[in-house]
Amino acid sequence: MSYQALYRVWRPQRFDEIIGQELITKTLKNALITKQTSHAYLFAGPRGTGKTSAAKIFAKAVNCRFLKDGEPCNECDTCKAITAGTLNDVIEIDAASNNGVEEIRDIRDKAKYTPTEADYKVYIIDEVHMLSTGAFNALLKTLEEPPANVIFILATTEPHKIPATIISRTQRFDFRRIKASDSFNRMKYILDEKGVTYDEQALKVIAKAAEGGMRDALSILDQALSFGDNEITLENALLVTGSVEKGLLTTYLEQVVGNQTTDALITLQKVLEEGKDAHRFIEDVLDYLRNLLLYQQAPDIVAENSLGDVPEEIKTFSSQLTASDLFQAINILNGIQSQMRLTNHPDIYLEVLTIQLAQIKGGTPVTAATQKPEAATVSAAPTSEELASLSEQVAQLKQQVKELKLVKTTGEPAPSVAKTVEKPKKPAGRESRVNLAKVYPVLDTAARNELAQIQQVWSDLMQILSVTQRAVMHVAEPVAASKDGLIVAFDYSFLFQKATLDSELLDALENGLDRLIGHSPTIVFVPKDQWPQIRKDYLVQHKDQLANNANQSDAPETGEPQEPSLSAEAPKAEPDPVVTKATDLFGTDIVDIKQD
Amino acid sequence: MSKEAIERIITKQPKLAQHFMTVIGENELTHAYLFVGESGSGQVALAELIAMRLFCHNVDDTGMPCGVCYECQRIQTQEHPDVVEVKPDGQSIKVDQVRFLKSEFSKSAVEGNQKVFIVADAEKMTTSAANSLLKFIEEPTGNTIAILTTSNRSLILPTILSRTQIVEFPKLSLTQLRESAIESGIAKSTVNLAMAITNDIEQMKQFSENDWLAQVQVAVGKWFSKLTQRDDMAVIQIATDIMPLAQDKASQQVILDAMTAIWHETLNQHFQLKTAEQSAFPQQKAIIDKARLAINQRQLISIIQDCLETRREFLGNIGFQSIVESLTLKILSQLA
C-alpha cells in the first residue's frame with residue numbers, strides 16, 4: 001500500500017472525532033438516539049470542516065446495529081464495509097462529474113428499490129452545488145417524499161448556489177470554520193499518536209495558515225513532515241506555508257511606518273527573492289495589521305488568537321499607529337489583494353503597495369509633529385486629488401503671507417535668504433560667477449542618499465511652485481546634496497542668473513523642501529556647463545583635507561572621532577581620499593575606479 | 001536530450017528535486033500535489049522527473065532516474081500510457097481534454113500498478129472541470145498521483161488547494177536566468193525586457209524571433225517618450241507603430257507587459273533600486289531619467305495601476321487597440 005495522506009488516514013470515524021462542530025454532532029447524535037432522523041440533510045460549510053466525514057459517519061450510524069450513544073461501533077461488518085466504501089447501500093456520488101438530469105433520473109429510479117444489506121439506503125451527494133438546474137429540479141420530488149428507508153445527504157461548500165426549493169426540503173447544517181486552537185489540538189493529538197517530535201510554535205504557524213480548514217492543516221502538516229525527516233520544526237513550517245518570517249515582516253513594517261520607502265522596497269525584494277508567495281505576503285501583512293487593530297481595542301483577543309503570547313513589536317507598533325492609519329492601510333491592502341488575483345506581475349503590485357503604505361505615515365512630517373493623530377491622517381491621504389491641490393493652495397497662501405511680511409519689513413528678507421541674495425548681486429557682470437564658498441561646504445558633506453531623497457520629491461517640489469517659477473526651474477535639476485545644503489544645476493546660464501537674483505524663488509524652494517522632507521537645506525545654484533569643472537576643482541583643492549578626513553574616519557558621521565577603536569580602523573579605510581569622496585558623492589554603483 | 005533534461009531540472013530546482021527523490025525513496029509521496037511558481041520555474045519538468053523516478057527501472061545510487069531506459073524515454077516524449085499529461089489548448093483547458101482526463105482517472109493503470117497525472121496550468125480549467133476533479137483528487141482509486149501546476153495560486157479553487165500538498169517553487173535567481181538566457185541566444189539589449197515578461201527561456205526565444213522583441217522595445221520606448229513629453233501624438237503612434245507588431249493574443253499580452261515594464265522601470269529609477277545593467281530599456285535611459293524627475297510619485301503610482309489594470313480588461317476580451325488607446329489617454333490626463 002502506498003503512502004496515504006494524513007487527512008485520509010485520520011479521517012474522523014466517530015462523531016466525537018469531528019472537532020469544532022459540537023453543535024452539529026450533538027444534534028445528529030440526539031436525532032439518532034431518539035430515532036428522529038430526517039430523510040434529507042444539507043451539510044454546508046467551508047472546505048475541510050468535516051461535511052463529508054459527518055455524512056459518512058451518519059451513514060454508518062443509521063445502519064449500525066450496535067449504536068452506542070449515537071456513535072457507530074466501527075467494528076461490525078456494516079460499519080467496516082461503509083468505511084471501506086464497499087457497501088452497496090451507501091452510495092457516494094460526485095455531483096460535479098454527475099451533474100446532468102440523466103444521472104439524477106438514475107438515482108430516482110434506483111431509490112425505489114429497498115436496501116439490500118443494510119437498513120437504510122444512504123445517498124451522499126457531494127459537491128452538490130455543481131448540479132445543473134434541470135438536475136436539481138428532477139431531484140425535488142424524490143427529495144420531498146422519498147421511498148421508505150432512503151436518506152439523502154447533500155454536501156456543498158457553496159450553499160448559495162442551491163435552489164431554495166431544495167434547501168426548504170432538507171434539514172440544513174452549517175459547518176463552521178475550525179478555530180486555530182482546535183486544529184492545533186487535533187494536530188498535537190495526531191503527532192503524539194504517530195510518535196513524531198514537534199515544535200509547538202510550528203504547529204501554531206500551520207494552524208493559522210490553514211485558515212479554518214482541518215484538511216488544509218493536515219495537508220500542510222504532511223508536507224512539513226516530509227520536509228523534516230519525521231520531525232516538525234518551525235523552520236519547515238514556515239517554509240511549507242510560505243509565511244514570511246516574522247523578523248523580516250517586522251523590519252518591512254518598521255521601514256514602511258518610518259517612511260523609508262527605498263529601504264522597504266529593498267526588503268520587499270528580499271522577501272520575493274526567497275520565493276515567498278506574493279498573495280501570502282499580503283495576507284501576512286493584513287493579518288499583522290488586523291492584529292494591531294485588535295490589540296488597540298481588545299488586547300485579550302489578540303493574546304487568545306495568537307495562542308498565548310503577544311509579540312513585543314505589536315505593542316510598540318500599536319502605540320505608533322493610530323486606528324485610522326491602520327484602516328487606511330487595510331483598505332489599500334484589500335484593494336491591491338483583489339486586483340492582484342488576475343495578474344502575473346505580483347511584484348509590481350507589491351511595490352505600488354509599499355509606496356502607498358509608506359505614504360500613509362510619510363510625506364507629512366510637519367503635521368505628524370503637531371501630535372494630532374486625526375489631523376495627521378487627514379492630510380495623509382496623498383492619493384486623493386483634492387488634498388493635493390488643497391495643500392498646494394496652502395503653500396501658495398503661506399508664500400503670500402511671507403511676501404507680505406517681506407514688504408512690511410521694508411524688503412528685509414529672512415536672514416537665510418539675505419546671504420544668498422547679496423552674493424549674486426556682486427557678480428552681475430556678463431560672466432556669471434558661482435559662489436564657491438557656498439558650494440564647497442555642501443560638497444564637503446555631500447552624500448548620495450541625501451541627493452536621492454531630494455530627487456524623489458523633486459517633481460512634488462515643482463508642483464508647489466507657481467507657474468512662472470516652475471518655468472524657470474524646468475531646466476534645473478539637483479546634482480548634489482548634503483544634510484544642510486543642496487546644489488541645483490541650470491541648463492542655461494541666463495536662467496541661472498535669473499534664478500540667483502530671484503529671492504522669492506529661493507524662498508519658495510526652501511519652504512517646499514521643508515514641507516516635503518522635513519528640513520530646508522541651503523540652496524545653491526550653479527550653471528550646468530560649469531558644474532563638472534567646479535566638481536573637479538573641488539576634488540583637487542581638497543585632496544589634502546579629504547585625506548585628513550579619511551584618517552579621522554569620517555568624523556562628522558560617527559560623532560566620536562576620538563574613539564581609539566576608530567582610529568585603529570582608520571588605516572584600513574580606503575587609501576585614496578578622492579575615491580572615497582567620489583563614492584560618497586555618486587554612490588558605489590556609478591563610480592568606477594580605474595588604476596593608472 | 002534524455003540525460004540533459006534531467007540535469008537541467010536539477011540545476012533549476014536542486015532543492016525540490018532532491019526533496020522529491022528522497023520522499024519517493026521513503027515511500028512518502030502523497031496522491032495530490034499542486035506546484036505553484038512563476039512560469040518557467042520548471043514545474044512540469046519536475047513533475048516529469050517524479051514520474052520518471054516512479055517508473056524507471058534503473059534508478060541510480062543518488063536516487064535519480066536514468067533518463068535513458070525505455071520507460072524514461074516514453075515519459076519524456078509523452079507517450080507513456082500511464083503518465084497522462086494535460087496542457088491548456090489555447091486560452092483554457094477544453095471540455096474534451098477534461099473529459100479525457102476524467103475517463104483516465106477512473107481507469108486503472110495499463111502496464112504497471114501506478115498512474116501519474118500531470119495537469120499543466122491548472123488555473124485554466126473551467127470551474128466545472130475543476131470541480132469534477134475534486135473527488136478524484138481527494139480519494140483516488142488505486143495507486144495514482146496527481147500533480148497540478150499553476151502560476152497563479154489564487155485562481156485555483158480553495159477546495160482543490162485544501163486537497164493537495166502545495167509546493168512553492170522559488171524564483172530563479174535573476175543573474176542565473178540572465179546568463180542562461182544570453183547563452184541561449186537572446187540579445188543582450190533585450191534580455192532584461194524579456195525577463196520582465198517571462199521566466200521561460202523557450203518563450204523568450206520565441207519572442208526574439210526576427211527581432212520582434214527588439215521592435216517592441218523600440219516602439220514602446222517611443223510611446224513612452226511621447227507620453228513623457230505630454231505629446232498627444234502618442235495615441236496616433238499606437239496605430240502606426242504598435243498595432244503592426246501585435247498580431248495575436250500572446251504578442252498583445254507581451255506589448256502590454258512591456259508598457260507596464262517601462263513605467264515600472266521609471267518607478268525603480270525613482271527609488272534608485274536597479275543598476276544600469278538591469279535596465280529593460282537601455283536605449284531610453286536618458287528619457288527615463290528625465291521622467292523620474294518630472295513625474296511625481298503619486299502620478300507614477302496611478303499610471304502603473306492603470307497599466308496593471310489593462311490585464312484585467314485584456315482577459316475580459318476587450319479589443320487590444322481600445323485598451324492601449326484608453327491607457328494612453330488615461331496617462332496623458334494623469335500627466336496633464
Side-chain angles (χ1 to χ4, degrees), chain A residues 2-5 8 46-48 52 94 96-97 99 126-127 130 157 213 215-216 219-220 222-223 225-227 240 242 261-262 265-266 269 272-277 279 339-345 348-349 351-352 355-356 359 382-383 388 452 455-460 462-463 477 587 589, chain B residues 19 23 27-32 36-39 102 114 128 131-135 138-139 143 151-155 158-159 161-171 173 257 260 264 267-268 270-273 275-276 292-299 301-302 304-305 308-309 311-312 315:
Chain A
S2 68
Y3 180 77
Q4 278 216 322
R8 290 169 71 187
R47 76 255 127 58
T52 314
D94 171 22
S97 2
N99 59 355
D126 219 343
E127 320 297 342
M130 289 308 291
T157 47
R215 188 174 49 218
D216 297 58
S219 283
I220 299 171
D222 223 342
Q223 210 171 347
L225 264 176
S226 70
F227 262 93
V240 168
T261 319
T262 315
L265 286 172
I266 291 168
Q269 276 183 354
L272 288 176
E273 267 163 30
E274 280 178 22
K276 300 299 180 201
D277 185 46
H279 300 272
Q339 286 168 24
M340 219 168 71
R341 266 174 55 85
L342 285 172
T343 188
N344 48 359
H345 296 296
I348 304 184
Y349 272 110
E351 282 172 20
V352 169
I355 297 164
Q356 285 184 330
Q359 279 174 341
T383 41
Q455 283 177 338
Q456 278 174 25
V457 298
W458 190 250
S459 56
D460 289 319
M462 292 301 110
Q463 292 297 319
E477 61 174 315
D589 47 344
Chain B
H19 168 67
V23 165
N27 191 23
E28 280 187 354
L29 204 64
T30 32
H31 58 276
V36 184
E38 287 183 17
S39 62
K102 260 157 63 179
Q114 54 186 355
S128 63
N131 268 296
S132 61
L133 288 189
L134 283 180
K135 288 304 261 184
E138 179 161 27
E139 297 196 329
N143 192 0
S151 52
N152 193 344
R153 167 183 173 162
S154 50
L155 291 181
T159 35
L161 291 180
S162 87
R163 280 167 170 82
T164 53
Q165 280 199 15
I166 298 158
V167 181
E168 306 261 1
F169 276 54
K171 254 186 172 176
S173 96
D257 283 348
T260 314
H264 184 218
L267 184 74
N268 272 331
H270 191 81
F271 289 103
Q272 307 183 332
L273 287 175
T275 57
R292 88 186 154 95
L293 290 179
I295 301 170
N296 70 26
Q297 203 165 299
R298 190 167 42 81
Q299 288 170 329
I301 294 281
S302 51
I304 288 179
Q305 281 181 325
L308 291 169
E309 182 67 8
R311 184 171 169 85
R312 206 177 54 84
L315 291 179

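Each chain gets a letter, A, B and so on, in the order the sequences are listed, and its residues count up from 1. Source: prediction; values computed, not measured.
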Just wondering, do B:F271 and A:I355 contact through their side chains at under 4.5 Å, heavy atoms?
yes

Side chain to side chain contact (heavy atoms under 4.5 Å, CB included) for B:H31 and A:Q4? Distances and angles first, verdict last.
CA-CA 7 Å; B:H31 58 276; A:Q4 278 216 322; over 6 Å; no

Measure distances from B:L267 to the heavy atoms of chain A and classify the residue's part below 4.5 Å as side chain, backbone, both or neither.
side chain

Spacing of OG belonging to A:S226 relative to NE2 belonging to B:H19, to within rounding of 0.5 Å
4.0 Å

Less than 3.5 Å apart, any donor N or O on the side chain of B:H264 or A:E351 sitting next to an acceptor on the other?
yes

Report the residues that fulfil side-chain hydrogen bond (donor to acceptor under 3.5 Å, both in side chains) with B:T159, sequence neighbours left out, ordered by chain and then residue number.
none

Looking at B:L133, B:N268, B:I166, B:V23, which has the largest count of heavy-atom pairs under 4.5 Å with chain A?
B:I166

Partners passing side-chain contact (heavy atoms from CB on, under 4.5 Å) against A:A96 (at least two apart in sequence or in another chain)
A:D94, A:E127, A:M130, B:N131, B:S132

Among A:T52, A:I266, A:D222, A:T157, which residue forms the greatest number of heavy-atom pairs with chain B at distances under 4.5 Å?
A:D222

Walk me through it: do B:L308 and A:M340 pass the test side chain to side chain contact (heavy atoms under 4.5 Å, CB included)?
CA-CA 9 Å; B:L308 291 169; A:M340 219 168 71; over 6 Å; no

Does any backbone or side-chain atom of A:T262 lie under 4.5 Å from a heavy atom of chain B? Answer side chain, backbone, both or neither.
both

Okay, B:H270 and chain A: the region with an atom under 4.5 Å from a heavy atom over there is both

With chain A, the option among B:L315, B:V167, B:T164, B:D257 that has the most non-hydrogen atom pairs under 4.5 Å is B:D257

Side-chain contact, heavy-atom cut-off 4.5 Å: A:Q339 with B:R312?
no

Heavy-atom side-chain contact between B:R298 and A:Q356 under 4.5 Å
no

With a 4.0 Å cut-off on N to O distance, would you call B:E138 and A:R215 a salt bridge?
yes

What residue, out of B:V36, B:T260, B:T30, has the most heavy-atom pairs lying under 4.5 Å from chain A?
B:T30

With respect to chain A, which residue among B:Q165, B:K102, B:Q297, B:Q114 yields the maximal number of heavy-atom pairs within a distance under 4.5 Å?
B:Q165

Check: B:S162 main-chain N/O paired with A:S219 side-chain donor or acceptor under 3.5 Å
yes

Under a 4.5 Å heavy-atom cut-off, does chain A meet the side chain of B:S302, its backbone, both or neither?
neither

So, the part of B:I295 with a heavy atom under 4.5 Å from chain A: the answer is backbone

